Each structure stands twice: as structure tokens, then as C-alpha cells.
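Worksheet: one structure, shown below.
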There are 2 protein chains.
Amino acid sequence: MARAPRLGPYICGIDAALDVVSGKWKGLILWELDAHGVRRFAELRRGLPGVSEKMLTQHLREMETDGLVHREVYAEVPPRVEYSLTEHGRTLNRALAPLGAWGVERIRREGHETVDAAEPSHL
Amino acid sequence: MARAPRLGPYICGIDAALDVVSGKWKGLILWELDAHGVRRFAELRRGLPGVSEKMLTQHLREMETDGLVHREVYAEVPPRVEYSLTEHGRTLNRALAPLGAWGVERIRREGHETVDAAEPSHL
DNA sequence: TGCGGTACTTACCTTTTAGTAAGGGGATCT
DNA sequence: AGATCCCCTTACTAAAAGGTAAGTACCGCA
């Protein structure tokens with residue numbers, strides 16, 4: 001791992017954008033950071049139910065090298081690290097908005113349950 | 001594979017939308033079908049440099065069960081199958097447009113090379 | 001006769017991605 | 001004294017995604 005800028009060459013813009021958001025939790029991380037502005041590691045962890053520490057660090061590192069998130073480390077005694085979106089991260093989020101709306105429509109159409117409303121109707 | 005509607009539950013719309021477009025060639029398939037309207041299997045294959053027949057069928061089948069593409073089989077002597085976008089596929093493509101634009105910007109910034117000079121229609 | 005084109009399917013293998021579990025080291029809480 | 005919190009790192013394992021190659025069955029062309 002630790003691919004520096006990222007692989008390419010890309011065939012079109014969708015390619016390049018999907019490369020950056022594909023990853024099980026990246027969409028949610030983007031959303032959390034967009035909603036709260038600044039979040040610490042443990043806050044993000046609590047905000048993403050089920051994420052492991054390894055995956056969270058890994059995704060955050062990749063998003064940092066991709067120029068989406070800013071990582072600010074405070075050399076304090078209980079270590080403190082704050083994550084926030086960069087300008088690129090914010091524009092990405094804005095570009096993602098119509099896709100999110102489409103997804104919400106799809107969930108509605110298909111009758112999928114969201115996580116907190118999960119009720120197992122007979123499959 | 002052959003997951004019927006798709007897994008879920010989703011945490012947000014981005015989740016649901018990414019579920020449907022994640023796959024190495026799905027973005028390109030969407031683009032090809034959007035650009036040409038109707039395409040046969042072998043035409044799509046030629047349009048996606050490097051795709052294997054297996055991956056192409058697999059992706060097309062998933063996109064069909066996801067309600068994005070329509071598959072029309074003609075029972076002719078040299079078999080003929082035509083693929084096109086459904087209405088949902090077309091709205092997805094429209095929702096993908098800002099993301100594609102973001103990706104193009106990113107490619108420009110990073111100085112990645114594109115494979116071909118063809119421009120996606122939804123820019 | 002043998003090749004290429006049509007649209008796949010199947011089996012097998014490699015690569016990538018994600019999950020699990022443990023550790024580290026100092027500081028505050030009980 | 002012991003537990004917990006903080007933000008990770010490392011090693012190992014499992015699952016998913018993707019690639020390669022071959023087979024199917026029928027046809028037209030040279």
C-alpha cells in the first residue's frame with residue numbers, strides 16, 4: 001500500500017473521482033467531517049459504527065495523501081489529532097451531493113432499511 | 001455474486017449510490033451507454049480497453065439487476081444482444097456528472113494522463 | 001478445412017481489501 | 001493499584017474483486 005499520488009492513468013473523470021472515494025468508509029468520513037467541521041480520531045470512530053481502528057487510520061491516511069483531509073497533530077500529553085476537510089475535500093463533497101440524493105431515492109424505491117430503522121421483515 | 005436487490009442496509013445515500021457504481025468498469029459502461037444510446041456486447045468490449053469478457057458480462061448483469069441497464073436479446077442466428085440505459089441509469093449518470101467534473105479537475109491538478117482523447121458527454 | 005465473429009459460462013488463480021487481535025506508553029480516573 | 005483513554009502500528013487471516021484461459025454452439029468467409 002502507500003501508493004503515493006495514486007495510480008492512474010484514468011480514462012475519465014468518474015474514474016479519478018471514484019478512485020478517491022472507493023473504500024468502505026470514505027463516504028461516511030467525508031460526511032462526518034462535512035457535518036462537524038473538525039473531528040478527533042475517537043469522535044470519528046464513534047460516528048462510524050463498526051469501523052475498526054486500522055481501517056479508520058488507513059482511510060484517513062489515504063484521504064490525506066489524496067489531499068482531501070487535513071491532519072493536525074497537537075503534541076500534547078494525551079495525544080490529540082484533529083481531522084478536517086481541505087478545500088478539495090469540500091468541493092468533492094459538493095460534487096457528491098447529487099449522487100447522495102440519487103442514492104436516497106434508490107433506497108426509497110427499493111425499500112431498503114436504513115441502519116437505525118432496521119426491522120427484519122421476512123426475507 | 002447474484003445478490004438479488006443488493007445488500008444494504010445503507011447508512012446514507014452516498015453508500016447506496018457507491019454500491020451501485022463500484023466496480024472497475026461500471027463508470028465507463030455508464031459513460032459508453034450514455035454516449036451511444038445502444039451498444040452491443042462486442043461494441044462495449046471494444047470501447048473498454050482491457051476489460052475481459054467475464055468482467056463485462058458480470059458487471060452488465062449486476063447493473064441489470066440494479067435496474068440501471070436494459071438488456072434486449074434478439075433470438076437471431078448470429079446472436080445479438082443490445083444494452084441501453086434505463087431511466088434510473090440515465091438519472092444516475094446525471095447525478096454522476098458533477099463528480100466527473102471534479103475528477104477531471106483532479107486529473108488536471110495531479111497531472112495524470114488520460115488514456116484517450118475522447119471527452120465524456122456529461123461534462 | 002480452418003479461422004474469426006457472436007455472447008457468453010466455467011474453473012482456477014492472484015491481487016486487493018477488510019477484519020481481528022494484540023501492543024505501546026504516558027496520564028488521568030476510581 | 002489497576003483500569004481506561006488516546007491514536008495509532010504491526011502481524012495474521014478471511015473475503016471479495018478481478019484476471020486468464022478454455023469451452024460452448026452456430027454461422028459466414030476464404
Side-chain angles (χ1 to χ4, degrees), chain A residues 1-4 6-8 10-11 15 18-29 32-33 36 38-66 69-84, chain B residues 1-4 6-8 10-11 15 18-29 32-33 36 38-66 69-84:
Chain A
M1 44 231 60
R3 41 213 175 145
R6 214 80 156 209
L7 326 105
Y10 300 119
I11 292 169
D15 242 27
L18 287 181
D19 190 17
V20 141
V21 288
S22 62
K24 192 167 179 185
W25 306 95
K26 288 194 184 172
L28 284 311
I29 292 173
E32 274 282 314
L33 289 180
H36 296 93
V38 174
R39 294 247 99 176
R40 301 183 55 178
F41 185 86
E43 289 174 329
L44 279 172
R45 188 152 140 68
R46 284 188 287 265
L48 312 183
V51 74
S52 68
E53 298 191 336
K54 176 191 135 190
M55 286 312 296
L56 186 52
T57 4
Q58 191 174 304
H59 279 174
L60 285 169
R61 288 295 141 80
E62 289 178 11
M63 295 169 82
E64 197 191 351
T65 74
D66 283 337
V69 318
H70 173 70
R71 182 165 178 265
E72 187 81 38
V73 184
Y74 298 87
E76 297 175 354
V77 171
R80 183 160 61 104
V81 184
E82 287 184 349
Y83 296 92
S84 54
Chain B
M1 44 232 50
R3 41 213 174 145
R6 213 80 155 209
L7 326 104
Y10 299 119
I11 292 170
D15 243 27
L18 286 182
D19 190 18
V20 143
V21 288
S22 64
K24 192 168 180 184
W25 306 95
K26 289 194 183 170
L28 283 313
I29 292 172
E32 275 282 315
L33 289 180
H36 297 92
V38 174
R39 295 247 99 178
R40 300 182 56 176
F41 186 86
E43 289 174 328
L44 279 172
R45 187 153 140 66
R46 285 187 286 267
L48 311 183
V51 75
S52 68
E53 297 191 338
K54 176 192 136 189
M55 286 311 298
L56 185 52
T57 5
Q58 192 175 302
H59 279 173
L60 285 169
R61 289 295 141 80
E62 289 178 11
M63 294 168 82
E64 197 191 353
T65 74
D66 284 336
V69 318
H70 173 70
R71 181 165 178 264
E72 187 82 39
V73 184
Y74 298 88
E76 298 176 352
V77 170
R80 183 159 61 105
V81 183
E82 288 185 348
Y83 295 93
S84 55

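Chain A is the first sequence line, chain B the second, and so forth, proteins listed ahead of strands; every chain is numbered from 1. In this text, all values refer to a predicted model and were calculated from it rather than measured experimentally.
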So do [Y] and [X] actually touch side chain to side chain, heavy atoms under 4.5 Å?
X     : Y     : answer
B/H36 : B/E43 : no
A/R39 : A/E32 : yes
A/L56 : A/W25 : no
B/L28 : B/L44 : no
A/L60 : A/E64 : no

Within this structure, what is the [atom1]-to-[atom2] distance between [X] and [N], rounded to whole angstrom?
X     : N      : atom1 : atom2 : value
B/D19 : C/dT17 : CG    : P     : 17 Å
A/R45 : D/dC5  : CZ    : P     : 10 Å
B/L28 : D/dG18 : CG    : P     : 12 Å
B/L18 : D/dA17 : CG    : C1'   : 16 Å
B/E82 : C/dA7  : CD    : C1'   : 13 Å
A/L56 : D/dC7  : CG    : P     : 10 Å
A/E76 : D/dC6  : CD    : P     : 13 Å
A/L60 : D/dT9  : CG    : P     : 11 Å

Summary of protein contacts for nucleotides 18-30 of chain C, nucleotide by nucleotide, where a base hit scores B, a sugar-phosphate-only hit scores S (4.0 Å, heavy atoms)
BBB------S---
Can you tell me if A/R40 touches the phosphate of D/dC7, counting only side-chain N or O atoms and a distance under 4.0 Å to OP1 or OP2?
yes
Spacing of CZ belonging to A/R40 relative to CZ belonging to A/R45, to within rounding of 0.5 Å:
14.0 Å
Taking any heavy-atom pair under 4.0 Å as a contact, classify A/Y74: base, sugar-phosphate, or nothing.
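Nothing, no heavy atom under 4.0 Å.
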